[in-house]
Amino acid sequence: MTLFHILERRLQQAVSRHLSERYGVEIPVAVEQPKQSSFGELALPIAFQLAKQLRQPPKKIAEQLAGELSPIPGVARIEVAGNGYLNVRFDRGGYAGGLLSGEREVSAPKSGKIIVEHTNINPNKAAHIGHLRNAVLGDTFVRMLRSAGHSVEVQNYIDNTGVQVADVVAAFHYLEHKSAAEVRELIEIERFDYYCWDLYARISQHYKDNAEALAWRQETLHSIESGEGDIAEIGHLVADAIVRAHLATMLRLGIYYDVLPRESEILHLKFWARAFELLKERQAIYFETGGKNKGCWVMPGAAFSEQAGEEDSKVIVRSNGTVTYVGKDIAYQLWKFGLLGRDFRYRRWMVYPNGHEVWVSTSEASQAGAPPFGRGSYVYNVIDSRQSYLQDVVVAGLRALGFSEQAGRSIHFSYEMVTLTPATCVELGIELTDEDRRRPYVEVSGRKGQGVKADDLIGRLIADACQEVDSRHPQAPEPERRRVAAQIAIGALRFFLLKYTRNAVIAFDFQEALSFEGETGPYVQYAAVRARNILRKLAERGEPLPDFNRELSAGAMARQLASEDFWQLLLEASRAEVALERALASGEPAHMAKYAFQLAQAFNTFYHDYHVLAEENRERRTVLLWMTHYFHAQLERTLEVMGIDVPEYM
RNA sequence: GGGGACGUAGCUCAGUUGGAUAGAGCGUCCGCCUCCUAAGCGGAAGGUCGGCAGUUCGAAUCUGCCCGUCCCUACCA
């Protein structure tokens with residue numbers, strides 16, 4: 001627990017005790033952040049809450065409380081403001097001293113494992129901007145959880161036997177008349193994920209023009225499921241190659257996975273068969289004997305929706321005996337909690353450059369060294385909001401099986417889709433109707449090959465950043481400039497995807513996404529770079545960083561922090577953990593982005609107003625140096641949670 | 001028809017459990033590099049928080065009704 005929290009809690013307890021002793025009331029003491037920083041560090045609206053009970057005006061109660069509360073360590077004074085607010089001001093010198101000495105309470109290590117499933121891209125074509133939102137949200141949430149001390153397992157589900165893969169496989173076989181060997185060769189010589197992007201658009205169009213060709217899809221699905229023959233072989237080749245491409249794209253963004261559970265193993269290792277038994281046994285589903293779902297196994301609508309009637313039952317097993325996606329998802333969700341009574345086998349998929357290993361499910365014997373995957377105590381599924389109905393069905397399945405605790409711990413971490421602005425559509429050559437042109441955003445079709453490919457976008461961002469870096473640092477070696485440009489590009493991209501709250505539809509616009517000014521990743525990175533430049537300059541002058549603990553007395557801190565400007569920056573920097581906790585509690589990575597931006601803003605103002613190295617007063621200079629150092633550490637830590645690097649220079 | 005999300009400045013969006021004078025970025029206009037990097041800083045203009053009613057000492061926030069936009073409502077995933 002950080003110093004800020006310690007003070008907050010101390011205040012709550014003191015006020016709570018006083019209320020109980022003086023007035024005999026037991027109510028939770030709300031503590032808020034004042035509207036304006038000039039009001040102090042914390043505010044208590046307690047007098048408003050008490051006004052009714054005590055039949056006295058809030059202001060009078062506030063005055064009584066302010067006068068009667070016994071001193072609280074760390075709190076300088078409590079003032080009455082407005083109609084009855086109690087504004088609390090910290091003892092600045094003491095607070096700074098606490099930060100300097102690292103005063104905090106160690107929180108107990110969290111038990112249990114949290115599983116976060118994200119990315120989940122169909123392995124049939126290149127990743128696009130919408131997939132990036134999923135992965136960046138998921139990855140940032142994972143980093144937030146880990147930063148708070150949780151143990152987290154990252155799963156990326158691979159639907160390698162679904163319709164989307166089958167369509168591309170069918171295209172290779174029926175449209176292009178390619179053998180598995182030829183596809184294998186293509187993978188070597190082509191930008192394969194891009195190739196499939198276009199091929200998928202081609203076969204989608206072909207199906208549209210020749211409805212009878214849809215028979216290819218069924219044929220292909222059958223071949224893939226049987227696992228025998230050339231078509232099945234193409235299926236493996238396509239899915240594996242595309243997964244490799246996706247992981248490479250995500251690695252550019254600093255996104256890693258622990259395990260890739262695949263649909264093929266859900267089928268081959270009879271996960272579904274087992275789940276089916278359970279569902280039948282506990283009567284979570286029933287065999288429909290009449291109506292539109294005759295011959296299907298269905299889950300009654302009442303299980304997942306209060307308003308649902310007979311009509312709204314969800315088909316789990318089709319009348320031809322095949323299982324729907326939701327059925328497989330129920331089996332998968334059961335496995336995640338260790339409730340299925342079956343496990344995958346695993347083999348190493350790849351080792352990342354940093355040594356981290358990612359494993360993949362297999363139906364062969366397990367390779368040695370596989371970590372114990374699954375058996376999570378909480379499961380977060382990062383899936384777009386359009387699928388909330390299906391996620392509800394999955395959770396209802398768990399509940400119907402009697403696993404209500406796990407059902408409650410199944411969290412659909414939903415987010416809205418990414419669309420394109422009309423201007424960006426025009427830039428991409430996508431035809432628009434007059435109606436579309438007037439809309440703020442347009443949802444485009446991946447089936448038609450429309451959209452912004454992730455690697456294209458990253459490439460453009462890097463090119464733009466490179467231009468800036470080149471013009472500012474022409475003397476720096478080329479590979480280094482390139483690395484810095486990539487860090488800036490990724491910073492811009494991740495920040496862009498994180499600054500919107502989850503339920504905001506993002507209207508992607510090239511002009512906006514390629515901006516490096518204002519509320520952007522590079523703005524925040526720049527503030528960190530500026531702070532580091534000051535410290536580096538100091539070192540270049542042959543001056544070591546002062547021993548702050550020895551040089552800065554409580555008195556010196558108090559004297560210098562009497563300056564409102566200094567105090568506000570220090571306070572804001574000290575709230576990094578508060579921001580993290582708030583973001584975690586609300587499940588909003590956007591709060592991290594907001595905080596990072598505000599902190600950067602505070603520092604940029606400070607940087608502009610005070611020349612640290614030129615400061616002649618020794619005590620003040622030392623305080624400014626310490627604040628610069630502390631700010632940098634706090635901002636860097638915050639950016640790290642967002643997966644954003646601080647470049648060496650900008 | 002049913003379910004869900006949303007409507008806040010010209011544009012894109014924040015807004016904790018209802019609280020003090022509703023915020024930011026972009027855009028527009030006006031300024032600031034002899035000084036640790038101007039990817040920066042300062043200032044100005046810009047609002048009936050979709051509408052109406054209600055609850056409350058107090059509503060952008062809660063409730064109801066209405067208007068508008070989007071998503072879902074497959075034996076696709």
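Just so it is clear, the values below take in all heavy atoms, side chains as well, and ignore hydrogens, waters and symmetry mates. In this text, all values refer to a predicted model and were calculated from it rather than measured experimentally.
An anti base is found at B:rC6: its glycosidic angle is more than 90° from 0.
Annotation: side-chain hydrogen bond (donor to acceptor under 3.5 Å, both in side chains) contacts of A:H412 (sequence neighbours excluded): none. Looking at residues two or more places apart in sequence or on another chain, you find a side-chain hydrogen bond (donor to acceptor under 3.5 Å, both in side chains) between A:Y610 and A:D565. In this structure A:H222 satisfies the side chain to side chain contact (heavy atoms under 4.5 Å, CB included) test with no other residue, sequence neighbours excluded. Residues passing the side-chain hydrogen bond (donor to acceptor under 3.5 Å, both in side chains) test with A:K499: none are found, sequence neighbours excluded. By the side-chain hydrogen bond (donor to acceptor under 3.5 Å, both in side chains) test, A:T322 pairs with A:R318, A:N320, sequence neighbours left out.
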Look for any protein N or O under 3.5 Å of an N or O in nucleotides 67-71 of chain B and output each such pair with its distance, or none.
unit_1, atom_1, unit_2, atom_2, d
B:rC70, OP1, A:R439, NH1, 2.4
B:rC71, OP1, A:E443, OE1, 3.4

For nucleotides 55-62 of chain B, print each protein N/O atom paired with a nucleotide N/O atom at under 3.5 Å, atom names and distance only.
none

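At a threshold of 4.0 angstrom between heavy atoms, the contacts of A:Y325 include nucleobase atoms, whether or not backbone atoms are also involved. Residue-level contact check: A:A43 touches the bases, meaning some heavy atom is under 4.0 Å from a base atom.
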Reading 5' to 3' through nucleotides 36-47 of chain B, protein heavy-atom contacts under 4.0 Å coded B for base, S for sugar-phosphate only, - for none: BBSBSSS-----

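RNA chain B contains the following stems of three or more consecutive Watson-Crick or G-U pairs, with both distances under 3.5 Å: B:1-7 with B:67-73, B:10-13 with B:23-26, B:28-32 with B:40-44, B:50-54 with B:62-66.
Annotation: B:rC36 and B:rG31 have their C1' atoms spaced 23 Å apart (nearest Å).
Between A:E8 atom CD and A:E41 atom CD the span is 12.0 Å, to the nearest 0.5 Å.
Looking only at side-chain heavy atoms (C-beta outward), A:K294 and A:T289 stay at 4.5 Å or farther from each other.
An aromatic stacking contact links A:F39 with the base of B:rA20, defined here by ring centres under 5.5 Å apart and ring planes under 30° from parallel.
Distances shorter than 4.0 Å separate some side-chain N or O of A:N503 from OP1 or OP2 on B:rC6.
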Under the side chain to side chain contact (heavy atoms under 4.5 Å, CB included) criterion, do A:R494 and A:M642 qualify, and how do the steps go? CA-CA 8 Å; A:R494 289 192 64 129; A:M642 296 172 67; 5.6 Å; no

Can A:I129 and A:I506 be said to form a side chain to side chain contact (heavy atoms under 4.5 Å, CB included), step by step? CA-CA 10 Å; A:I129 177 77; A:I506 295 183; over 6 Å; no

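Sorted by first then second residue, the ring pair (Phe, Tyr, Trp, His ring centres under 6.0 Å) pairs that include residues 483-508 of chain A, not counting sequence neighbours, are A:F496-A:Y500, A:F496-A:F508, A:F508-A:F510. Residue pairs meeting the salt bridge (Lys or Arg N to Asp or Glu O under 4.0 Å) criterion with at least one partner in residues 591-600 of chain A, sequence neighbours excluded, are A:E519-A:K594.
Around CZ of A:R536, the count of heavy atoms belonging to other residues, nucleotides or ligands within 6.0 Å exceeds 12.
Checked by atom type, the side-chain pair A:Y207/A:D167 shows a donor-acceptor distance below 3.5 Å. For the residue pair A:E581 / A:H5, a side-chain donor-acceptor distance below 3.5 Å is found, with atom types taken as modelled. Counted by atom type alone, A:Q467 and A:R472 present zero donor-acceptor pairs between their side chains at under 3.5 Å. Side-chain atoms of A:Q164 and A:D159 include no donor-acceptor pair closer than 3.5 Å.
Residues from residues 579-586 of chain A that place a heavy atom under 4.0 Å from any atom of RNA chain B, listed by number: A:R582.
Closest to the side chain of A:D159, out of B:rA24, B:rC13, B:rA77, is B:rA77.
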